[in-house]
Each structure stands twice: as structure tokens, then as C-alpha cells.
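Okay, so here's the structure we're looking at.
All heavy atoms count here, side chains included; hydrogens, waters and symmetry mates do not. Residue numbers begin at 1 in each chain, while the letters A, B, ... track the order of the sequences. Please read these numbers as outputs of a predicted model, since none were measured by experiment.
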Amino acid sequence: MRLKKDFYMDNPRVVAKKLLGKELVRKVNGQLIVSRIVETEAYGGIEDKGSHAYGNKRTKRTEPMFHIGGTIYVYLIYGMYHLLNVVTGPVGDPNGVLIRAVEPVYGIDFIKGNRSIKSNKVYDLTNGPGKLTQGLAIDMDFNQKDLVSGDDLYIRESSKAIKGNEIVQSPRVNIDYAKEYKDKPWRYFIAENSYVSKQ
DNA sequence: CCTGCGATCGTCT
DNA sequence: GACGATCGCAGGA
């Protein structure tokens with residue numbers, strides 16, 4: 001069953017943790033591509049120096065973070081990769097959860113078709129935030145749309161629940177500029193899952 | 001296994 | 001004009 005708006009109305013750390021194990025569903029020409037979320041990072045509040053919206057910075061790019069929970073925030077990084085974020089919480093409070101890695105469930109051929117890499121290791125298909133968006137064909141077209149009512153990208157419950165003791169926390173990746181916020185343990189991933197971007 | 005490096009462009013300063 | 005919530009490849013160990 002698809003997650004409803006209430007799911008996204010909590011603070012980003014809570015949502016980031018709850019998203020582990022959920023299924024990210026992409027619909028293309030009637031075909032469903034399903035993958036399981038295995039790694040997330042929370043960015044939130046105007047005090048988080050790791051967040052794009054630090055200091056209540058509201059610009060064209062960060063605008064979606066100020067929208068209601070369930071909104072999709074996509075941005076371009078390094079001029080070539082799109083990263084997918086889920087906005088959480090109430091309007092005006094900028095929070096987001098970065099989806100860093102997923103494990104393919106159905107439609108792996110679609111993902112392979114979108115990824116041109118020499119590696120023949122399956123985990124290289126979606127073990128990183130830029131890789132999964134390329135594999136699932138997620139780009140700026142999704143920015144500011146939402147996961148609650150949209151048809152071509154949403155998140156649903158999985159039949160396979162995650163146990164609390166399978167969840168590991170660590171500092172977030174590549175945010176050295178975030179000063180004292182750089183070491184906050186706001187990255188969450190499923191222990192011993194081969195699709196996690198790095199241990 | 002690990003390290004180093006170039007690619008590439010929208011956004012903000 | 002600088003840079004980034006990254007990636008893929010090459011080359012060495």
C-alpha cells in the first residue's frame with residue numbers, strides 16, 4: 001500500500017529511518033520498476049549546516065524543501081547527476097531525506113538499460129544516489145511533484161519488514177563543509193546489505 | 001582492494 | 001568565477 005501524507009509529516013530523521021525497507025515504485029509506460037530503499041540521509045531544519053536550506057536559505061533550488069511533506073526535491077549535482085530527496089514536515093520548515101541507495105526488486109532490465117557501465121556487478125546498478133536516479137530515469141521533471149498523489153513515482157509498504165537491529169547509523173557522506181554538523185549520525189542504512197553505497 | 005582524477009553545468013556570490 | 005549531498009575508470013598493490 002502506498003504511503004500517505006501522514007508518513008512524511010514527521011521530522012526528517014524519523015522519516016529517514018522509517019523509509020528503510022520501503023519500496024520505491026517507478027512507473028514507465030505501464031511497467032512497474034520496484035526497488036527497496038536501503039540507505040537514506042536526513043537533512044533538516046534551518047540550523048543544519050549540511051542542508052541546502054541552512055539558515056532558512058530559500059532560493060529557486062531549495063524551494064521544494066519548504067513545501068509539505070511528501071513533496072519530491074530533485075537537484076543536479078556536479079553538473080551531471082540528479083539526486084532524489086523526499087521532503088518531510090510542515091510547509092515553511094525545510095527538511096529532506098536523501099535516498100542514497102536502493103536494491104532492485106522488479107524491472108532490473110529497465111535499470112540496466114539506463115546504466116552504461118563496464119562493471120557486471122549487480123550492486124553497481126543502484127548503490128549510490130546518482131546511480132539509482134540514472135537507473136530509474138529520475139530527473140528534474142520530478143522536482144516539486146509529490147509522492148502522495150503522483151502516478152509515476154511513489155513509495156509503498158513492503159511485505160518484508162525491517163527489524164530495528166538491522167538499522168545502522170553513521171555520519172553523512174561528503175559534507176565536510178558542515179562544520180559541527182558533519183559528524184551528526186543522520187545517515188541510516190540496512191546492515192550488511194550489498195547495495196549500501198559505503199560501509 | 002585502494003587512490004587519484006576528470007567530467008560538466010545550474011546556482012549563488 | 002567557483003563549486004558541489006557523485007561517478008566511473010585507470011593504475012598500482
Side-chain angles (χ1 to χ4, degrees), chain A residues 8 11-17 19-20 24 35 37-67 69 71-89 93-104 111-144 147 168-190 192 194-199:
Chain A
Y8 303 102
N11 87 60
R13 271 97 58 197
V14 171
V15 177
K17 193 169 178 177
L19 277 172
L20 294 178
L24 180 64
S35 57
I37 298 171
V38 300
E39 180 181 350
T40 59
E41 280 180 359
Y43 289 86
I46 59 178
E47 74 284 354
D48 179 5
K49 292 183 182 174
S51 171
H52 291 163
Y54 168 61
N56 219 29
K57 185 167 149 188
R58 188 165 186 163
T59 65
K60 189 174 177 184
R61 181 172 74 146
T62 66
E63 180 63 25
M65 293 189 76
F66 289 82
H67 291 197
T71 299
I72 298 167
Y73 171 37
V74 177
Y75 66 92
L76 183 69
I77 187 69
Y78 299 112
M80 57 182 98
Y81 299 108
H82 300 282
L83 301 207
L84 172 66
N85 297 260
V86 176
V87 174
T88 77
D93 185 11
N95 299 287
V97 175
L98 171 65
I99 309 298
R100 282 195 58 88
V102 300
E103 172 182 342
I111 296 173
K112 280 183 181 160
N114 285 311
R115 302 266 301 134
S116 53
I117 50 173
K118 290 189 173 175
S119 169
N120 57 358
K121 307 202 187 312
V122 280
Y123 54 75
D124 281 328
L125 290 173
T126 55
N127 64 343
K131 299 180 186 181
L132 72 92
T133 54
Q134 190 175 74
L136 297 174
I138 295 169
D139 57 23
M140 293 306 291
D141 288 348
F142 287 94
N143 195 33
Q144 300 212 38
L147 296 163
V168 185
Q169 283 183 246
S170 83
R172 295 169 292 179
V173 176
N174 281 342
I175 53 160
D176 288 345
Y177 54 82
K179 307 249 174 104
E180 74 273 20
Y181 280 82
K182 143 173 107 65
D183 299 317
K184 299 280 186 189
W186 293 346
R187 170 174 176 248
Y188 304 83
F189 59 94
I190 298 179
E192 319 218 343
S194 59
Y195 291 86
V196 169
S197 65
K198 41 181 94 165
Q199 297 300 319

> Which residues satisfy the salt bridge (charged side-chain N to carboxylate O under 4.0 Å, His left out) test with A/Arg58, sequence neighbours excluded?
Replying inline: A/Glu63
> Can you list the residues that meet the side-chain hydrogen bond (donor to acceptor under 3.5 Å, both in side chains) rule with A/Asn85, with sequence neighbours excluded?
Replying inline: none
> Got a sec, which residues hit salt bridge (charged side-chain N to carboxylate O under 4.0 Å, His left out) with A/Arg187, two or more places apart in sequence or on another chain?
Replying inline: A/Glu39
>> Suppose we screen for side-chain hydrogen bond (donor to acceptor under 3.5 Å, both in side chains). Which residues come up paired with A/Tyr43, at least two apart in sequence or across chains?
In response: A/Glu41
> Looking at residues at least two apart in the chain, or sitting in another chain, which of them share a side-chain contact (heavy atoms from CB on, under 4.5 Å) with A/Asp183?
Replying inline: none
>> The criterion is side-chain contact (heavy atoms from CB on, under 4.5 Å); which residues satisfy it with A/Val87, sequence neighbours excluded?
In response: A/Thr71, A/Tyr73
>> Requiring both pairing distances under 3.5 angstrom, list the stems that contain DNA chain B and are made of three or more consecutive Watson-Crick or G-U pairs.
In response: B:1-7 with C:6-12, B:9-12 with C:1-4
>> What range of DNA chain B does chain A touch, first nucleotide to last, counting atoms under 4.0 Å from its heavy atoms?
In response: B/dA7 to B/dC12
>> List the residues meeting salt bridge (charged side-chain N to carboxylate O under 4.0 Å, His left out) with A/Arg13, not counting sequence neighbours, and say none if there are none.
In response: none
> Excluding sequence neighbours, so at least two apart, what forms side-chain contact (heavy atoms from CB on, under 4.5 Å) with A/Asn174?
Replying inline: none
> Considering residues at least two apart in sequence or located in another chain, which fulfil the side-chain contact (heavy atoms from CB on, under 4.5 Å) criterion with A/Ala178?
Replying inline: A/Lys49, A/Ile175, A/Tyr181, A/Lys182
>> If you define the side chain from C-beta out and look only at heavy atoms, does anything of A/Leu84 sit under 4.5 Å from A/Phe142?
In response: no
> Which letters describe nucleotides 3-13 of chain C, given B = protein heavy atom under 4.0 Å from base, S = only from sugar-phosphate, - = neither?
Replying inline: -BBBBSSS---
